[in-house]
Protein chains: 2
Amino acid sequence: MQETAVLDAAEDLFYERGIQAVGMDQIRSTSGVSLKRLYQLFPSKEALVVAYLKRRDERWRADLRAYVDGKDDKVGAVFEWLHQWFSEPGFRGCAFINSFGELSATSPKITAVARHHKDEVRAYLRGLLRDDSTADQVLLLVEGAIVVASIQNDPAAAWRAKAAAEVLVSG
Amino acid sequence: MQETAVLDAAEDLFYERGIQAVGMDQIRSTSGVSLKRLYQLFPSKEALVVAYLKRRDERWRADLRAYVDGKDDKVGAVFEWLHQWFSEPGFRGCAFINSFGELSATSPKITAVARHHKDEVRAYLRGLLRDDSTADQVLLLVEGAIVVASIQNDPAAAWRAKAAAEVLVSG
DNA sequence: TAGCGTAGAGAACGCCCGTTCTCTGCGCCA
DNA sequence: TGGCGCAGAGAACGGGCGTTCTCTACGCTA
């Protein structure tokens with residue numbers, strides 16, 4: 001489907017290079033969808049960015065859930081999954097943190113999507129832990145691990161976060 | 001001094017709106033320094049961004065040190081200081097995380113400055129704690145608190161991080 | 001006072017952006 | 001087969017970007 005091709009191209013390019021660094025022409029040539037059709041599917045670049053982020057949010061959380069579901073140590077599994085993610089070749093941090101830093105001053109819609117993603121992650125952790133304040137602390141470790149892993153290019157941040165989470169959960 | 005005026009304008013505008021959203025003309029009109037002189041002081045926009053980030057890095061860490069120095073509970077004081085920062089009117093997250101998300105794919109120099117800032121923060125925490133692996137865990141809480149406070153617009157993230165840090169340090 | 005060098009203001013340059021429009025050509029129905 | 005409509009390719013548009021250049025006017029030296 002054309003919409004999927006456009007979103008695939010958008011995700012590859014926006015995540016890899018940043019949103020403002022990618023023009024609509026590059027989305028066109030990568031997706032193979034004409035500019036006219038592209039604007040029929042998404043009436044503006046902002047709408048395309050929002051669609052890209054929404055799809056990524058849902059897939060990201062579904063992947064995390066799928067990995068954690070079978071495991072006994074749910075919290076530990078979250079950080080194992082993060083470590084896997086950090087180790088992927090194209091890893092460049094959290095798309096939502098990056099978009100927020102780039103565009104929160106310009107676009108309330110993009111700000112809202114980023115906020116929603118973090119809300120959902122927090123809710124997921126609360127469901128995993130049954131103690132809200134511990135879950136909120138674990139969320140801080142998750143976000144911190146993502147930031148440190150990307151900026152320092154150091155996937156092992158996930159293991160340090162895992163060790164810290166174990167202390168918080170057991171304590 | 002003109003250089004200071006330019007850096008002040010750059011910091012205000014880049015931090016508030018993002019780097020790519022601010023043009024050199026706006027730096028000129030805000031600082032009152034002519035474009036020609038501006039390019040004598042900083043030979044390119046990238047050089048100006050690097051200078052802005054370097055000055056901010058040093059001032060940020062000096063402010064943190066100044067606040068923490070007198071306190072008994074050094075680690076607690078770090079999070080108190082963060083809470084103060086999060087509560088400032090123009091708070092929009094960490095300039096280095098934001099710049100990294102926006103430009104790490106484009107500019108190795110900016111990437112290096114962001115990485116250096118985080119290295120220095122880590123080193124500072126290690127000096128405070130004398131136990132490197134605990135310090136690295138506290139770093140995750142610091143970064144996580146910054147991210148959550150900015151995206152959720154919730155300065156209280158600092159208090160949750162403080163409580164978690166107390167558990168990690170005492171444990 | 002005459003002449004020179006410097007610095008400032010802002011126009012100009014080439015390029016790329018997001019978005020729209022035009023023009024071409026192909027597929028469908030009578 | 002002839003006429004119609006849709007869709008694709010890409011040119012066009014207005015504007016903004018980073019950077020450079022021109023031109024003016026002022027201040028110092030003799």
Side-chain angles (χ1 to χ4, degrees), chain A residues 1-55 95 98-99 101-113, chain B residues 1-54 95 98-99 101-111 113:
Chain A
M1 202 165 70
Q2 282 186 315
E3 193 179 317
T4 306
V6 172
L7 287 173
D8 288 348
E11 181 155 9
D12 286 354
L13 294 169
F14 286 153
Y15 181 70
E16 182 187 333
R17 307 187 200 168
I19 290 167
Q20 315 221 59
V22 173
M24 293 299 269
D25 256 28
Q26 295 169 69
I27 303 278
R28 176 185 83 148
S29 59
T30 302
S31 66
V33 172
S34 81
L35 222 42
K36 189 179 179 183
R37 184 94 186 88
L38 211 166
Y39 273 90
Q40 283 171 3
L41 294 166
F42 305 96
S44 68
K45 187 182 185 181
E46 187 186 45
L48 174 58
V49 172
V50 167
Y52 140 62
L53 289 174
K54 278 188 174 161
R55 195 183 69 156
N98 293 350
S99 310
E102 198 175 343
L103 296 167
S104 67
T106 307
S107 166
K109 288 179 191 172
I110 290 170
T111 305
V113 180
Chain B
M1 201 163 72
Q2 281 185 315
E3 192 180 318
T4 307
V6 172
L7 287 174
D8 288 348
E11 181 156 9
D12 286 354
L13 294 169
F14 287 153
Y15 181 70
E16 182 186 333
R17 306 185 200 169
I19 290 166
Q20 315 221 60
V22 174
M24 293 298 270
D25 255 29
Q26 294 169 69
I27 304 277
R28 177 185 82 149
S29 59
T30 303
S31 68
V33 172
S34 80
L35 223 42
K36 189 178 177 183
R37 183 96 187 86
L38 212 166
Y39 273 90
Q40 282 172 4
L41 294 166
F42 305 96
S44 68
K45 187 180 184 180
E46 188 186 43
L48 174 58
V49 173
V50 168
Y52 141 61
L53 289 174
K54 278 188 174 160
N98 293 349
S99 310
E102 198 173 343
L103 296 167
S104 67
T106 307
S107 166
K109 288 179 191 171
I110 291 171
T111 305
V113 181

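The figures that follow rest on heavy atoms only: side chains count, while hydrogens, waters and symmetry mates do not. For clarity, every value in this text was computed on a predicted model and none was experimentally measured. The chains referred to below are lettered A, B, ... by the order of the sequence lines, with proteins before strands, and numbering in each begins at 1.
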> Do any N or O atoms from the side chain of A:Ser29 and from the backbone of A:Gln26 form a donor-acceptor pair under 3.5 angstrom?
Replying inline: yes
Could you go over nucleotides 5-8 of chain C and give all protein N or O partners under 3.5 Å, atom names and distances?
residue, atom, partner, partner atom, Å
C:dG8, O6, B:Lys36, NZ, 3.3

> Does a side-chain heavy-atom distance below 4.5 Å link A:Ile27 with A:Phe14?
Replying inline: yes
> Starting at CD1 of B:Ile27 and ending at P of D:dG16, how long is that distance when rounded to a whole Å?
Replying inline: 17 Å
> Does some side-chain heavy atom of B:Thr4 sit less than 4.5 Å from a side-chain heavy atom of B:Leu7?
Replying inline: no
> Would you say the side chain of A:Leu103 lies within less than 4.5 Å of the side chain of A:Gln20, judging by non-hydrogen atoms?
Replying inline: yes
> So, B:Glu3 side chain and B:Leu41 main chain: donor-acceptor pair closer than 3.5 Å or not?
Replying inline: no
> Are the charged groups of B:Arg17 and B:Asp12 less than 4.0 angstrom apart, N to O?
Replying inline: no
> Does a side-chain heavy-atom distance below 4.5 Å link B:Met24 with B:Leu48?
Replying inline: yes
> Quick one: does B:Lys45's side chain have a donor or acceptor within less than 3.5 Å of a partner on B:Ile19's backbone?
Replying inline: yes
>> Expressed as a whole number of angstroms, how long is the span from B:Leu38:CG to C:dA9:P?
In response: 12 Å
> Reading nucleotides 13-19 of chain C 5' to 3', which nucleotides get B (base under 4.0 Å from a protein heavy atom), which S (sugar-phosphate only), which -?
Replying inline: ----SSB
